[in-house]
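Just below is one structure, and these are the notes that go with it.
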2 protein chains.
Amino acid sequence: MPVNSFEHYPMSWKPDSKALKRPLYKSLASLLEQDIVSGFLAPGTKLPPQRELADFLDINFTTITRAYKICEVKGLIYAVTGSGTFVAPNAARSITISRDKTANLIEFGLVSSFEQTNAIVKDTIQKVVDKRYLEQLLNYNDPTGIPYQKSAALNWMESFGIHTDPEHIAIVSGAQNALAITLAALFEPGNRIATDLYTYSNFIELAKIFHIQLVPIKGDQFGMLPDELEKQCSQTNIHGIFLMPSCSNPTTVMISDIRKQELAAVIRKHRLILIEDDMHAFLTAGMIPDYQQPMFNLLPQQSVYICGTSKSICSGLRVAYMVYGDALREKILRAIFNINVKTSSLDAEVITELILSGKAHEIVSQKKQLAQTANDIYSEYFPLKTTVGHPLSFYRWLPIQGHNDAFQLEMHLKGQGIRVFHSDRFLSGQTTPEKYLRIALSSTNSLDELKTGLKILTQYLN
Amino acid sequence: MPVNSFEHYPMSWKPDSKALKRPLYKSLASLLEQDIVSGFLAPGTKLPPQRELADFLDINFTTITRAYKICEVKGLIYAVTGSGTFVAPNAARSITISRDKTANLIEFGLVSSFEQTNAIVKDTIQKVVDKRYLEQLLNYNDPTGIPYQKSAALNWMESFGIHTDPEHIAIVSGAQNALAITLAALFEPGNRIATDLYTYSNFIELAKIFHIQLVPIKGDQFGMLPDELEKQCSQTNIHGIFLMPSCSNPTTVMISDIRKQELAAVIRKHRLILIEDDMHAFLTAGMIPDYQQPMFNLLPQQSVYICGTSKSICSGLRVAYMVYGDALREKILRAIFNINVKTSSLDAEVITELILSGKAHEIVSQKKQLAQTANDIYSEYFPLKTTVGHPLSFYRWLPIQGHNDAFQLEMHLKGQGIRVFHSDRFLSGQTTPEKYLRIALSSTNSLDELKTGLKILTQYLN
DNA sequence: CAATTTGTGGCTACACATTTA
DNA sequence: TTAAATGTGTAGCCACAAATT
């Protein structure tokens, strides 16, 4: 029997108890899902507490717990002990970022990599084709990469501070693919991974696919806060942590060397698996005075270091390097064989040749130059108030005011001819009061187009 | 309080109740896992019934259910209602098949694809490099394939009976990758997929990675038995079915056209998602008199059709085509973007050029010729007693007697210089009394080596 | 700092379905 | 055919932990 009449305490959600079928918890979960996906329950809405809803429906409150759990794992809602359960910011839509050529828009959304440099790659492909061993690249051999390709990879990563042997490196099909492999290999459904409050939206989606919960941790201008991480680790059972130390996506924050060591101490203490996505090492190592080494070096036995070549060398050739501790090796190899079989040796060979011939460094220095120019242009339109973030980042993180509806803002800007992403897309958990736009500087067809787009943006935002 | 003393009914497994910590079910599961992985509990061992073990440990029997469930999802054990719980045949080892070059062995294990034909591919790569639009293949554009590449794909699959539009096809990085994407996109942990008793071992491993349970269904010489499928579907909640109609791996069984229709009726009735791995269509369509069309055509809205080009065209270029119904499209695209971002347009372009230039058909006819010769050689050593199975299969399924320890047999044959796989590797669930070897005919360096290997094998088995 | 609110995790009870004897 | 054995699935009970007031 319900105890209260609820007339004085209106609940934000009153599911029709007649619509409930057995099993109750599944039925309730699907009612909730419907109301969220249909938009009836807006993002941020506080759902009734478990006990209250249970009372209303006259069932046990743990049955509500179960129903809520189903929706939480699907990323539709999130729960905060003590304060309640809320509809997630990105509940009703997919935040996957991919190339979308439908309209003639100025691309500030997807972060490309100044594709102007691809002409250099073209010549190198010809050199690879001329090699007498080309045929050897077309079979099933060496699923994790041919030994000399791995040597070239080590050569490439040496300047970032990575040192290992060919047994602990694998060539995979891009950094995103490396992340998928890592989650498949080392985590189980229901595991938790700590991330920054704002993080790479495709990692959020990947976590959903693998049914891994993300635990957002607060940070400051030097990266994630060790105390906050410590707090969460001691509170709940956390299995891993995802970091992008060289230039966090989307915030452009670089983790300082001291902070790396502090974080490493917490990670070591709680035996987390560190997933270090160091896609931007090429922009940071040797450039930023504070840069010492990747976190992998501090925690080699419990880390996966991922070095993608899409941003630094060429985006269309899907090649990334994974470096891992011995304890993780077997599981990772198994996941690679089952998800990829292998990565095309032809693609890997082109990247290898670019590295060994020195062309890769040439490409990098061109890209740095382009990044410098693009950032200079950006600061003409949006002066950088502080020195926060990476000075050469391929994207910027612009604080905005008064545009709380992420979807609507993105739509309006599309109407203005600009594709850009609102910060809500990058939220790993609950919402925050501050709002931003992530503005890719590396994806327009020309620097003129970049200027045009930024001009439209300044006008729109003022 | 325990009710019985158990002295008269010895249990196969008596965990130390003092070793149990809280939570009980996790602790118990890990004790069980240890004893299985260490080999203390051999494959096939019957575990104590849930109630009996509960009585012994003096806890509730559903706590045992939970512990068993954890191990079942990990593939360590399997449960049969009414008869009990058993240690799985492949519990203690990984059955992932991958290239393994460690020793100088004759390769009868991994199924390659007569790599002699790769010389033709070499010339085509040069043609691709000469194209003026090569640079356009090096960016993030067209993540599911460039429109004309998709047209070529449709062109290629037309002879297999596939007709669709470019919106319902995607280019991915090989058939195994397509399977990973399909499982990630369309299934949830705990879902069940029906498979043949013997099935592709990397699919079994993939199911483990995604925590999907396989439900083995009996079959005969024409493929899976519809009645058995119907029975299982009405008994438990099954979400999908995995079939290789053109030439099942490892049994070489081809599903007859009548059987396809009967199976389709059951699949439709129970709304299963059909995963049709039609890697061998090129060996079957137009070759086998009975061949009419893929099952995709019978169930276009609830099927994923996978057409790999590794076996038919070139194994090192990681390219497969996925064809799917509109209802599945969005989820599949999301999984592709998150697991691959895209497949190398360079690789896809080479395959496209091979198809459009007619070279692909040339390669196929060479491979068919090689397959014919290899099968002829095989039948000199192991006369085919019946007409069961595909006549041109790249591998054969040899019944053997008296070698029940799969691992030991594989080891002994390695000692003889041969790498080959025992049927236990391909078991999707419980064990069977019949034993086989899967013998790859397409992976030796020469036909002479094939003969040598087969000779050693006949001698060993007699 | 204590009381209250709210969510988490684990064990138990029980109805039910299938298989086997 | 019926009874016993055995596994499956759902809901309830309860101790506890964290956050709020």
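Below, chains carry the letters A, B, ... as their sequence lines are ordered, and counting in each starts from 1. Every heavy atom of this structure was used, including side-chain atoms; hydrogens, water molecules and symmetry mates were not.
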Next item on the list: When you get a sec, tell me which of C/dG7, C/dG10, D/dG7 is the closest nucleotide to the side chain of B/Pro49?
Entry: D/dG7
Notebook entry, point to check: What is the distance, rounded to the nearest whole Å, between atom OH of B/Tyr68 and atom C1' of C/dC11?
Noted result: 18 Å
Check: Which part of the nucleic acid, if any, lies within reach of A/Thr65 when heavy atoms closer than 4.0 Å are counted: base, sugar-phosphate only, or nothing?
Finding: base
Checklist line | B/Asn60 CG to D/dG12 P, straight-line distance once rounded to whole Å | finding: 16 Å
Item checked: Basic-acidic side-chain contact under 4.0 Å: B/Asp196, B/Lys218 -> no
Next item on the list: Let me know the distance between CD of B/Gln232 and P of C/dT18, rounded to the nearest Å.
Entry: 11 Å
Next item on the list: Check the distance between C/dA15's P and A/Leu24's CG and give it to me in whole angstrom.
Entry: 16 Å
Checklist line | Contact summary for B/Ala180 and B/Leu206, nearest pair of heavy atoms | finding: N-CD2, 3.5 Å
Check: D/dG12, D/dT10, C/dT6: which one has an atom nearest the side-chain heavy atoms of A/Lys46?
Finding: C/dT6
Item checked: Separation of C/dT6 P from A/Phe86 CZ (nearest whole Å) -> 10 Å
Notebook entry, point to check: Strictly by modelled atom types, are A/Thr195 and A/Ser428 linked by a side-chain donor-acceptor pair under 3.5 Å?
Noted result: yes
Next item on the list: Could you check how far CZ of A/Phe61 sits from C1' of C/dG10, rounded to whole Å?
Entry: 12 Å
Notebook entry, point to check: Roughly, in whole Å, what's the span from CG in B/Leu53 to C1' in D/dA5?
Noted result: 16 Å
Notebook entry, point to check: On a plain distance test, is the side chain of A/Arg66 in donor-acceptor contact with the base of D/dG12 below 3.5 Å?
Noted result: yes
Margin query: For a quick check, tell me whether the side chain of A/Arg51 and the base of C/dG7 share a donor-acceptor pair closer than 3.5 Å.
Written below: yes
Margin query: Let's see if you can work this out: which of D/dC13, D/dT8, C/dT8 has an atom nearest to the side-chain heavy atoms of B/Glu72?
Written below: D/dT8
Next item on the list: Hey, which sits more toward the 5' end of DNA chain D by its nearest nucleotide, A/Thr62 or A/Tyr25?
Entry: A/Tyr25
Checklist line | Phosphate OP1/OP2 of C/dT8: any A/Gln50 side-chain N/O under 4.0 Å | finding: yes
Next item on the list: Looking only at non-hydrogen atoms, find the nearest pair between A/Thr85 and A/Ala79 and report the distance.
Entry: OG1-CB, 4.0 Å
Note to self: Without decimals, in angstroms, what is the distance between A/Lys231 NZ and D/dA19 P?
What the structure shows: 6 Å
Margin query: Hydrogens and angles aside, do B/His239 and B/Glu188 bring a side-chain donor and acceptor to less than 3.5 Å of each other?
Written below: no
